[in-house]
Structures are given as C-alpha cells and as structure tokens.
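I have placed the structure first, in the form of structure tokens, so that the comments after it can refer back to it.
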Amino acid sequence: MSGVTFDEVTKRFGDTTAVENMSLEVADGEFMVLLGPSGCGKSTALRMIAGLEEVSDGMLSIGNRVVNNIPPRERDIAMVFQSYALYPHMSVRKNIESPLVANRANRLPAGERSERIDEAAEVLGLTDYLDRKPGELSGGQRQRVALARAIVRRPEVFLMDEPLSNLDAKLRTQTRLELVELHRRLRTTFVYVTHDQVEAMTMADRIAIINDGHVQQVGRPQEVYDRPANLFVARFIGSPPMNTISGTVGTSGTGGNVATEAGVVAVAELSGSRAGDEVVLGVRPEYLKPRDPSKDDPGAGGLRARVENIEMLGHERHLLTRVGNEVMVARLDPALPPPSIGDEVVLEADAANVYLFDPSTTERLGSGTSTPTATVVADG
Amino acid sequence: MATESTVTAPPTAVERPRPPGSGLSIGLARAGWYISLTLLAVVVLFPIYMLVIRAISDPISFINAGQPLHIVSAQWDVFSRAWSDAGLARAMGVSAVATIVIMGAQFMTSVLGAYAFAFLEFPLKKLLFAIVIGTLLLPIEVTLVANIQTVRSLGWLNSVQGLTFPFLATALGIFLIRQGFLGLPRDLRDAATLDGFGHIGFLFKVAIPLAKPVIGSFLVISFLSAWNQYVWPRNATTEGAWQTVQIALRTLTTTRVDQINLAFAGAIIAALPLVLLLIFFQRQMVRGLTAGAVKG
Amino acid sequence: MSITVESSPDGATKRTGQRVREALLGWAFLLPAMAIFVTFFYYPLYRLIDMSLHRENRFGTAAPYVGPSQLVDTLSGSDFLEGVKHSGLYMVYTVPLGILLGILLAVAANRRLKGIRVFQTIFSSTVATSVAVASVIFFTLVNPEVGYFKDVSWLSLSNPDTALFSVSLSSVWQNLGLTFIIVLASLQAIPTEVEEAAALDGYGPVRHFLRITVPLISPALMFLAVVLVVAALQAYAQIEVLTNGGPGTSTQTLLFKIADPQGIRPLGIRASMSIGLFALTAIVAAGQYALLSKRVHYGD
C-alpha cells in the first residue's frame, strides 16, 4: 500500500496550464477528495496519477516510486469513471475480468482469476448478475460493476472520477455510505474527484480544495468548513455559501467591529487587523438572524436588509435578503414566524462566528490561529 | 450509458400522427393515397415484371404474339440453360471470388487505417490523411487507361489479382470506420488503457466489437460496389472465362434474338445475391446507403 | 525547485521508445492502404500525364514525345467536346428527374398507413439491381428489335435525338431505390416537435412542404445531387448494353470514349481525355465542397 505525492507538479495543454506547481500528499490508506468547480484541474490531477495524462513538470510519486514515466498499467492503480466505462459488448464477468487479462504479460492463472472475480462480485452484491451485459443492468448496478472491476486488481490506489454523478439522488446517498464502507474494509488509498461538496464532506478523510489549477486548502472536512483558508474556500464549502460583504475595521472594547455600507457588525476577534483596515467580512447563514422587531434597539448595529424571498426547506427556512449590493442568506428556525417578502429587517451576526478576509490576497486573517467555535456541519 | 457506439441509428419507419379530421374525408384521403401508392408501385415494378415474363417466354413466340403482358410459350428451363450452357455459373464464381477478396481486404485495410488515424500519433499523419482524401478525386474511371496498362504489364489481365487489386483499399472505408472509432467514449478508451490493453488488444477486443454497426454498414457498401462493378472488369478481362457476372450479362445480350431470354434469365440470376442482401441485411443496407446523407 | 521530466535520462528514453513504437505501428497499419493508393490512384495519374505527352504512330509501334500538343488538341477537339456534351446531357436528364421522383416516392410512402412497409420495400427494390442488370431490364423495354416500347418514338434508340434520353431513363429507374431510401430517411429524421410546431403555426400542406420540409431535408438532397452527378459522369454499362454508343456517336459519353470498347482511339488520346475527365471530377468535387460548406439547412 502506498500514498500519492505531487511535488510541484504542473500540467500544460498547449498554452493553457491546467495544474500549476501542485504539491499535495495523500497519505497511505487515506480517503482524499479533490474538490473544486468544473475546469479547476482536479480531474487532470487524477488523470496524471492514472497515467492518462503526462506530467509536464515536477514529480509525481505513488509510494516511493516516481511514476512520471511509468505506463498506466504498471502503476498499480485502478480507476472508476463517471460514465463507468463498462464494455457494453462483454458480460459483467468479462468486464470485471478485463484488467486481469488485458495485459498478456502478467495474466493471472484462470483459477485465481475466477476466485478474485467471485470475491469482488460478492463484496458488491453482483454475484447474480455476472452473466448479464451492462445494458441489462440499472445505473446503480453498473456503478457497482465499475467498482468491482477496480477492486479485482487489488491496486495500491483507487482513483474515482465523479463516480456518483450519474446516479439519482437517493442512490447517491446510499452509494456514499457503501463507498465509505468499502474504504474501511480495503484500507487502501482512495483519491476521489468531485465538484459536490456534500460528497466531499461526508466521505473524505481529508479534502483538497482546488481552484484554477492550484490547491487552495487541504484539511479534514470540519477543518475546511470551520477555518477556510481564503474567500474561495469559504464561499465554496457550505450550502448556502458563506455571506460576504466588504467593510472597514473599527475598535470598541475588547473586540471590534466592521463598518459596512449597510451597517456595523460586531466582531469578537479582530485576527490581527487594525482599525481602518479594509476587510471582507464573512458570516455563515446559520449565524445570521433577523432581529426581533419588538426588541429593536437602534444603537445595537446590524445590517439593514430587505427580504427578497423565503425558501421553505421543511426543516429550516432560508431568508434571501438584499444588503446593499449583496445578496445575503440567513438560516431561520422554522418554528419562528418569518418576516414577509419586502419587509425591511436588520440582520445580526454572531460576533464569535464572523470571519475576516484580506481583500487583496483573499486570505483569511489569522489563518491557522483563530478558531471560531462553529460546530455546525453542512447539511446533506 | 450507451450500450452501442454512437453510430447514427438507422431511421426507423415511425410515422407521425396526423391531425384529426372528419371520418369520411379521412377515408377518402386514405383511399386516394393507396391508389397513388399503387400507381407508383406499378411504375417501379413494371420493368422488373417485363424482365421476368420475357425471361420465361420463348423470345420469338413472344414477339409474334404482339408483345402481350403475360408469358408466352413458357421455357422454364431457361434458368438452368443460362446457369450452365451460357456460362453464368463460372461468371458468378468469378464475381464471388473477386467480391470476397475485395471485401476481406477492404475490411482489413480500412480497419487498420482507421485505427491509425483515430488512435495513433505518428509523423506525417496529416500528409498521409491528405493522400487518403485525395483518392476521392481519382475514381477508377479517371485512371482506367493507365491502370489497365499497369495491370497488363504485371501480367494480371484475366486474373483474380487483376480484377481486385485496385480496390483492396478505399478512402470511404477508412473514413467511415474512423468516424465510428472516434465516436467511442473517451472514458472507455481510458479504461482500456488502465486495464492494460495494448493497441492490438484494444483494436480487436474493444474497438472492432463496438464499431460493429459502422463496419457492418461499410461491408454492405463494399459488397454492393464490388459485386456491381462493370467498367473495370470489362477492361481487365479479355477472355470469357474471367468475365464477372455483370460482364457476362452484356455478352449474353449480344446473342441471337431467339436466345435473348438467356440474357433476361441471367439478369435475374445476377440480381439474386443483392435481393438476398436486401432481405437479410436491410438495416445495414439502409444505414450504409444513407451514411453521410442523413443526420440523426 | 522543479524537476524537468524530459531531462531525466531514464524517462526520456522510455518515453521516446514508446513514441517510436507507436509511430512504427501507425505506419505499419497504413502501409497496405497506402501501397494500393500509390500504385492504383496516384501513379496512374502520373502515367496519364506521361501518356498524354507521347503520341503513338499509326501502327502503335512507337510513341515519341510530343509535349502538350496532343493534350491540347484532344481537349479542344470535337470528339472530346461531344463526349462532354453527352455526359452533361446525361446529368441534365438524370439528376433533376431522379431527385424529384425520389421525393415523390418518399413523401408518398412516409405515411402512417396499413401495409406501408410493402410499398416502402417495392420503392427500395431497385437497389438490388446493378447497372448491368438494370440495363438488361431496360433492354426488354427499349431495344429496337425486341423492346416492349420499341415503337414509342420518344423512347427510340434508333433515333440519334432520343437515344441518349432513352438510355438515361434506365439510370433514373435504377437510382430510384437509392434516392427513395435517402429522402425517406431524411424525412423521418425531422424531429416530430418541428412538424408539430409547424402544424400549430398553421401552414397548409404545400407551404409546409416548401417552407419546412424541403429546407430540413436539403442536406440529403444536396448529397443526392452529388451522388447522381458523379453517377452520370461514370455512366457506361447502360450505354454499352443498350446502344453501344450509337446510333452514330449519339450516345458516346466521355467515359465511353475513354474506355473505347471498339478500340478506335490511340492510347495518348484516351489518356488526354482521362485528364479532362479528372478535371471535370475535380470541378464537381469543388462544387460539392462549396455547396456543402454553404448553409443548406438551419442548425444541425
């Protein structure tokens, strides 16, 4: 078993750079999710591990072996594709067997092959379907055939490229659990690419958030949620995303405040910023609430907002408001009576759960040191 | 996911719903439509009908009877006479051998060429592709005079090589099959690479099986053009023994008037392989003939 | 510090080796096809030019180099121009009529009616005939001695004014199956939604056909036009079987003169005419390219 190491890896396609100077260590046995918007370079990174794309610059290792020039089939990896990439003209058994026989040079004896196939089919509940063709299977079953084809070769590293995105929502939730279970059972390194933060949060040991060919942050799911390294991560992780608005730092008593065009927000921790600094203030929807109109206190600060829409989700409500030029979302307890559309409200942020970002670098101020106390996990 | 390669599906005969109208006018319209269809069918079939009754009728009696629309003095043995006495059996054999050689070779050269252009990187690829495209400007009719000289100097007049060699490769096959290969999903190719397939393994185990519909359509076209050839075999053969069936037909039309129904019976025999093809491979035939003409 | 992969000696050789192997495989795969293409498509083009530059003497015993004079003489001579004229007439007779009949049959058979399959099969049936078979079939109709229509004056093969037209009808008939199949397939490829939208817009049947259907099947009609033009340029068997070029030279198309079944033209002249046919083929191909790159229908 082995991990995967990117050492200043760059991938260029002609004039465009898909991945730039990427350094990332995936530990042995770890479930690492590469998360980012489409076109961010995450799939390119995965395909470089597979050997489907050549590395332009830098060093890529699997275990202790630099694999830059090792052909895919000698890398001891297996990959599950978004489209599953099953061979439509072969039975399920032949599909699963394919990686064991495709390369004549290291073909296994027939007895061991069928043992392995039966074992993989057993693990994934495919035993009854071995003689069917992929076309006769449901989407979920095809997905499991793709997984079986991967585990049958007992690779050092599993690579998965958006393997759940062709499944319907219910099946996706179920398969997430099965993948976590599979990882626990195999104790092999998983590198999993997705644009879906819910998949990342629910399955990963660690998440690497990628944008524009660069790793933005690597950390455990709770860590990247609680302590986003920069504005991109802050806005990408969490649903609805973190609200942001720019303002100027002022001081008052122990903490401080940030004056925005829509009002003043109290901040518990100034994270090294000083009065007069320009900052971007961030607050997650669950720490933003409309002030009870009966307890209105004109001196208490807060953001003046107008209610534009209210989304009912059953277990909660999302209040969509306009604050200056920004749209801000507050998460409401469905038990409380909601304001009406068009109402003017004042939004209060929980001072202990406000983030400050440097507007020029987009880095979070006090990254790594400040520890807001939020513990809410993104909803599934 | 797609269970077949992304080849254009053959057009199925799905008729569209028509807006409703009154029952009577629909009935009248339908009757009118059937009458028109029947008239058109008669026009299309009349020449074939004439061929059949003229083949079976004794030629002189038929003319003396004032060319009626029915069989006169039936000669049912005309088919066996055409087959054996008039030499059609041998001509059909020559045609069959030439067709099989051409189809087999075109399959091989087209699949390999298509694979190279679709999946391999090599120097001069663009130039070589241009050479393939360029052959479309040089049909056999244009190069006939020179090619006959070449075949003659090789001593290949009246031989299987002479009948087949210029047709062992075709740009159309390379194009069509290349399109089929390029239509294979990228994920599938990547998966095959990771499974450890080399190029040969991928070609035979994955690419050819998945491109079967395109290859099938191409083979139908290949069969049609090889079997139906006229200009080349007419010029590449000087002895009756090497005539293909199409050439033998012409020779039969030059026989005496009282034997002319041998030519008509011969035409029926020569068409039989194509009739069978039409019956058993209608789908591939329609797909082959419409390749490039219809999208969707 | 970044390591440049190309500079790593082990990797460089490994990758170069792989590339060389791939290149060799590519060339090997193309070798058979290229051998045929060079020998029977490009080399003969050179041979044609070479032959056109040599004029055979009367006995065919020697062919001294004469420069382009023979080529020029041939391509401006009445024999060649007559061949071009007859080939052009053959196109005029076969292409528009062929397309119109194809549309007629396809529109008639594109209906939801009981038994329509039978009619569709009948209309496709001529694809089962080769040119030679179709020619023999028309022999039964128009042959001056035994043809069913031998006394119909406008179909007469004995009259130089009608013979070429009469021959061309065999091509029209033989091509019916192909034109029908292609037009029908393109009619059936029109999305139902488009038909329905047009019906809702209130087009009458004729305007619907001209405004909606024809533009949508125009790529297929274009394709057919090209196929039929090429087929007309290559018409040969019909002529040899039905008229053998006569009466006189009235049915001698360009290809008939090139193939020269009676053996009356010297090689150099036939080669020169072949170069003329090549030029015509190239013009057709250029026209085809120009038309296809023009917008012949909306969208895809």
Side-chain angles (χ1 to χ4, degrees), chain B residues 11 14-16 19 33 36-37 40-41 44-45 47 50-51 54 63 67 109 112-113 115-116 120-123 128 131 135 137-138 141-147 149 166 168-169 199 228 230-231 235 246 249-250 253 257 260 263-264 267 270-271 274-275 278 286 289-290 292-296, chain C residues 22-23 25-27 29-30 32-33 36-37 40-41 44-45 47-48 105 108 111-113 119 122-123 128-133 136-137 139-141 145-146 148 173 176 178 181-182 185-186 188-189 192 195 199 220 223 234 236-237 240-241 255 258-259 270-271 274 277-278 281-282 285 300:
Chain B
V14 179
E15 289 84 21
R16 323 213 132 71
W33 211 265
S36 317
L37 282 167
L40 289 171
V44 172
L45 289 181
M50 281 309 288
L51 179 76
R54 296 295 298 267
I63 293 169
Q67 309 224 51
T109 56
L112 293 182
Y115 189 89
L120 298 175
E121 284 308 323
F122 47 89
L128 292 172
I131 288 177
T135 62
L137 284 176
L138 295 162
E141 287 79 8
V142 166
T143 52
L144 177 73
V145 174
N147 275 334
Q149 296 297 104
L168 299 188
H199 285 295
N228 289 346
Y230 188 91
V231 176
N235 286 275
Q246 313 291 341
L249 279 186
R250 187 203 78 91
T253 62
V257 169
I260 197 70
F264 305 154
L274 297 194
V275 172
L278 186 66
V286 168
L289 292 175
T290 55
V294 183
K295 276 185 122 166
Chain C
E22 191 170 322
L25 193 67
W27 287 331
F29 277 10
L30 283 171
I36 297 296
F37 291 155
F40 291 104
F41 289 77
L45 188 60
R47 287 284 295 133
L48 286 179
L105 293 180
R111 283 277 145 142
R112 196 226 297 269
L113 286 175
F119 289 104
I122 289 172
F123 295 167
T129 61
S130 66
V131 186
V133 168
V136 172
I137 288 176
F139 192 96
T140 69
L141 300 179
E145 284 178 76
V146 303
Y148 189 78
W173 179 82
L176 278 183
L178 177 72
I181 286 173
I182 286 175
S186 68
Q188 293 179 340
T192 319
E195 297 276 2
F223 174 85
Q234 298 176 348
Y236 178 81
E240 197 180 16
V241 168
L255 180 59
I258 291 171
R270 294 166 62 201
S274 298
L277 179 62
F278 170 66
T281 309
D300 277 317

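To find a chain, count down the sequence lines: A is the first, B the second, and so on, and within it residues start at 1. Since the model is a prediction, treat every value here as computed from it, not as a measurement. Only heavy atoms go into these numbers, but all of them, side chains included; no hydrogens, no water, no symmetry mates.
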task: Please test L176(C) against F123(C) for side-chain contact (heavy atoms from CB on, under 4.5 Å), starting from the C-alpha separation and ending with a verdict.
output: CA-CA 7 Å; L176(C) 278 183; F123(C) 295 167; over 6 Å; no
query: What part of L37(B) gets closer than 4.5 Å to chain C, counting heavy atoms only: side chain, backbone, both or neither?
result: both
- request: Indicate the atoms forming the closest heavy-atom contact of A270(B) with L249(B), along with that distance.
  value: CB-CD1, 4.0 Å
query: Heavy-atom distance under 4.5 Å to chain C: side chain of L128(B), backbone, both or neither?
result: both
query: Can a donor-acceptor pair be found between the side chains of E240(C) and Y230(B) at a distance below 3.5 Å?
result: yes
- request: Examine whether an atom of F264(B) lies under 4.5 Å from a heavy atom of chain C, and if so say whether it belongs to the side chain, the backbone or both; otherwise answer neither.
  value: both
- prompt: Of the non-hydrogen atoms in V136(C) and A267(B), which two are nearest, and what is the gap between them?
  reply: CG1-CB, 3.8 Å
message: Rounded to the nearest 0.5 Å, what separates atom CD1 in I182(C) from atom CZ in F223(C)?
response: 4.5 Å
- prompt: In terms of heavy-atom pairs under 4.5 Å with chain C, which of I63(B), I260(B), L137(B), T135(B) leads?
  reply: T135(B)
- prompt: Non-hydrogen atoms of chain C under 4.5 Å away: do they reach the side chain of V275(B), the backbone, both or neither?
  reply: both
- prompt: Out of L274(B), N147(B), L51(B), N228(B), which one racks up the most heavy-atom pairs below 4.5 Å with chain C?
  reply: N147(B)
task: Tell me, for L48(C) versus chain B, whether the close heavy atoms (under 4.5 Å) come from the side chain, the backbone, both or neither.
output: both
- prompt: Which atoms of Y148(C) come close to chain B, meaning under 4.5 Å heavy atom to heavy atom: side chain ones, backbone ones, both, or neither?
  reply: both
- prompt: Does V133(C) offer a backbone N or O that forms a donor-acceptor pair with the side chain of S130(C) under 3.5 Å?
  reply: yes
statement: Answer key: most heavy-atom pairs under 4.5 Å with chain B among V131(C), L25(C), T140(C) is T140(C)
- request: Measure the spacing between CG of L138(B) and OG1 of T143(B) and express it to the nearest 0.5 Å.
  value: 6.5 Å
- prompt: When only pairs under 4.5 Å are counted, which of W173(C), F139(C), F29(C) shares the most heavy-atom pairs with chain B?
  reply: F29(C)
- prompt: So which part of L141(C) gets closer than 4.5 Å to some heavy atom of chain B, the side chain, the backbone, both or neither?
  reply: side chain
Portion of S36(B) that has a non-hydrogen atom of chain C nearer than 4.5 angstrom: neither
task: Let me know if I137(C) has heavy atoms under 4.5 Å from chain B in its side chain, its backbone, both or neither.
output: both
- prompt: Between A263(B), A41(B), P47(B), G113(B), which residue shows the highest count of heavy-atom pairs closer than 4.5 Å to chain C?
  reply: P47(B)
query: Would L277(C) and I258(C) count as a side-chain contact (heavy atoms from CB on, under 4.5 Å) if you check the C-alpha gap in whole Å, the side-chain angles of each, and the deciding distance to 0.1 Å?
result: CA-CA 9 Å; L277(C) 179 62; I258(C) 291 171; 3.9 Å; yes
Top contributor to chain B interface from P32(C), G26(C), A108(C) [non-hydrogen pairs under 4.5 Å]: A108(C)
- request: Please report the shortest heavy-atom distance between A146(B) and R47(C), naming the atom on each side.
  value: CB-CB, 3.7 Å
- line: Output for pair (S274(C) OG, L255(C) CG), nearest 0.5 Å, gives 8.5 Å
Contact origin within I122(C) toward chain B - heavy atom pairs under 4.5 Å: both
field: Side chain R54(B), main chain V146(C), donor-acceptor under 3.5 Å
entry: yes
field: chain C contact via L40(B) - side chain, backbone, both or neither, heavy atoms under 4.5 Å
entry: both
query: What part of L278(B) is in contact with chain C, defined as an atom under 4.5 angstrom from a non-hydrogen atom: side chain, backbone, both or neither?
result: side chain
message: If we define contacts as heavy-atom pairs under 4.5 Å, which of F278(C), Y236(C), F37(C) has the most with chain B?
response: F37(C)
query: Once you round to the nearest 0.5 Å, how far does CD of Q149(B) lie from CG of L144(B)?
result: 10.0 Å
